[in-house]
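First listed ligand is number 1; within each ligand, the first listed atom is number 1. Hydrogens, waters and symmetry mates play no part in the numbers below; they use all other heavy atoms, side chains included.
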Amino acid sequence: MPAVRIDVHAENRDYAVVIGGGLLRRLKDLFAEHNISGQSVVVTCRTVWQRHGHLLRAVTGRTPPVLIGEGERAKTLATVGRIYDALVQRKLDRSATIVAFGGGVVGDVAGFAAATYLRGVRLVQVPTTLLAQVDSSVGGKVGVNLSSGKNLVGAFCAPALVICDPTVLASLPARELRAGLYEVVKYGVIRSRELFDRLSARLDSLMQHDAAELDPVIAECCRIKASVVEQDEREAGPRRILNFGHTIGHALEAVTRYRRFKHGEAIAYGMIGAARISASRGLMPEADEAALDALLRRMGPRPPVVDLKVDDALGAMTRDKKVVGGRLHFVLSAGIGHTVIVDDVSRRELRDALRTVGLRR
Ligand SMILES: NC(=O)c1ccc[n+]([C@@H]2O[C@H](COP(=O)([O-])OP(=O)(O)OC[C@H]3O[C@@H](n4cnc5c(N)ncnc54)[C@H](O)[C@@H]3O)[C@@H](O)[C@H]2O)c1
Ligand SMILES: [Zn+2]
């Protein structure tokens, strides 16, 4: 696939998302084309740097990267503090660029550092997981977790450029790829039957990292995310459709203390629950609910939920950020490709959905 460019019109800055196999080999040119000059510092984690660090040398030269810990545990204010220290040590000034090179965790933490260091320096996102390429690197949300909850501190920081090179996904463990694919399924359900059908038809090739299939799918997801966030950068309304499957999904993550599921796996369960409520209200055709269920099943095993209690999940849901003024906003499907947001989902509907998902009483 030739490289694709998607222009995102954000509140404070317009930026491009470029997608294409091998783009990182022309990093220097890309920076020049997008007027990114001055000193660049890469923030990354060990795994990504060891496997793909050589691709960034063109812009970093011999400056060593700022390495942060692996995974969700590293998404803290303490890590942000260590990034600030490293930036000061390297004498970074306001004309500098932070290059976030890694999964969603690196993007969120390095992005938060970029949003706040010297009241803001330039950020380039170079996502290396499927989830980060289709979701977290686009839209400008950055932030960290507190011990009391996920993503409780954050900022909006539109990047200057997002570079998605799907070739780096080749080293991604199968479970991480699958976790990202669940979010891809979500894009199909909320906005595009064509994408959903393509996933159903080409699932095997996608799961084998077939570039001819994967690259255009990533581009389509970025297009959908870009068009949704453009309408509503700060999530006052339409951006909420991106939360399809996330109300129940977040509850499952919370009751298992974020240890059992990859985010996408919890969202897969959440989508099954949301589809159940949608179909029981007659909003979503039962055939669409069945098609979603079948696709998710084909994607492989997910960690179990049978030992989790419906009441615990319900408790977690009422503490969720999506409760606004005491009302739980819930994204439902009006058939694959269409969504509606409601605020009148009853406890009974939630209980039924959680049982369909597989939780016990
Ligand atoms: N800002 C947003 O809008 C937004 C949206 C969705 C999710 N998120 C956040 O994203 C985070 C999850 O991101 P994630 O799923 O990318 O997880 P992650 O960043 O923890 O990465 C998962 C693992 O994959 C490894 N990895 C990354 N790239 C690799 C590669 N190319 N090859 C081999 N290993 C690689 C990482 O080292 C890590 O161990 C969560 O914290 C979530 O809150 C943010
Ligand atoms: Zn998500």
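With respect to the salt-bridge test (charged N to carboxylate O, under 4.0 angstrom), the residues E230 and R239 do not qualify. The existence of a salt bridge linking R281 and E349 is confirmed by a sub-4.0 Å separation between a basic side-chain nitrogen and an acidic carboxylate oxygen. One finds no salt bridge joining E265 and K262 here, because no Lys/Arg side-chain nitrogen approaches an Asp/Glu carboxylate oxygen to under 4.0 Å.
Taking a 6.0 Å sphere around CZ of R73, one finds it holds 12 or fewer heavy atoms contributed by other residues, nucleotides or ligands. Remark: R175 CZ is packed, more than 12 non-hydrogen atoms of other residues, nucleotides or ligands lying under 6.0 Å away. Shown here is R298, whose CZ atom has more than 12 heavy atoms of other residues, nucleotides or ligands within 6.0 Å.
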Show me a pair-per-line table, with atom names and distances to 0.1 Å, of protein N or O atoms that are under 3.5 Å from an N or O of ligand 1.
unit_1   : atom_1 : unit_2 : atom_2 : d
ligand 1 : 1 (N)  : D108   : OD1    : 2.9
ligand 1 : 1 (N)  : K141   : O      : 2.8
ligand 1 : 13 (O) : G104   : N      : 3.1
ligand 1 : 16 (O) : G104   : N      : 2.8
ligand 1 : 16 (O) : T129   : OG1    : 2.6
ligand 1 : 19 (O) : G104   : N      : 3.1
ligand 1 : 19 (O) : V105   : N      : 3.0
ligand 1 : 28 (N) : T128   : O      : 3.3
ligand 1 : 28 (N) : T128   : OG1    : 2.7
ligand 1 : 31 (N) : T128   : O      : 3.0
ligand 1 : 31 (N) : V168   : O      : 3.0
ligand 1 : 31 (N) : S171   : OG     : 3.4
ligand 1 : 32 (N) : S171   : O      : 3.4
ligand 1 : 32 (N) : S171   : OG     : 2.6
ligand 1 : 37 (O) : E70    : OE1    : 2.6
ligand 1 : 39 (O) : E70    : OE1    : 2.9
ligand 1 : 41 (O) : E72    : OE1    : 2.7
ligand 1 : 41 (O) : E72    : OE2    : 3.2
ligand 1 : 41 (O) : K75    : NZ     : 2.9
ligand 1 : 43 (O) : K75    : NZ     : 2.9
ligand 1 : 43 (O) : K150   : NZ     : 3.2

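A side-chain donor-acceptor contact under 3.5 Å links S171 and H52.
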Where do D311 and R351 land on the side-chain contact (heavy atoms from CB on, under 4.5 Å) test, with the steps shown first? CA-CA 8 Å; D311 281 330; R351 272 179 192 286; 2.8 Å; yes

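Note on the Zn ion (ligand 2): protein N/O/S atoms under 2.8 Å are E183 OE2, H246 NE2, H263 NE2.
Y117 contributes a side-chain N or O that, together with a main-chain N or O of L92, makes up a donor-acceptor pair within less than 3.5 Å.
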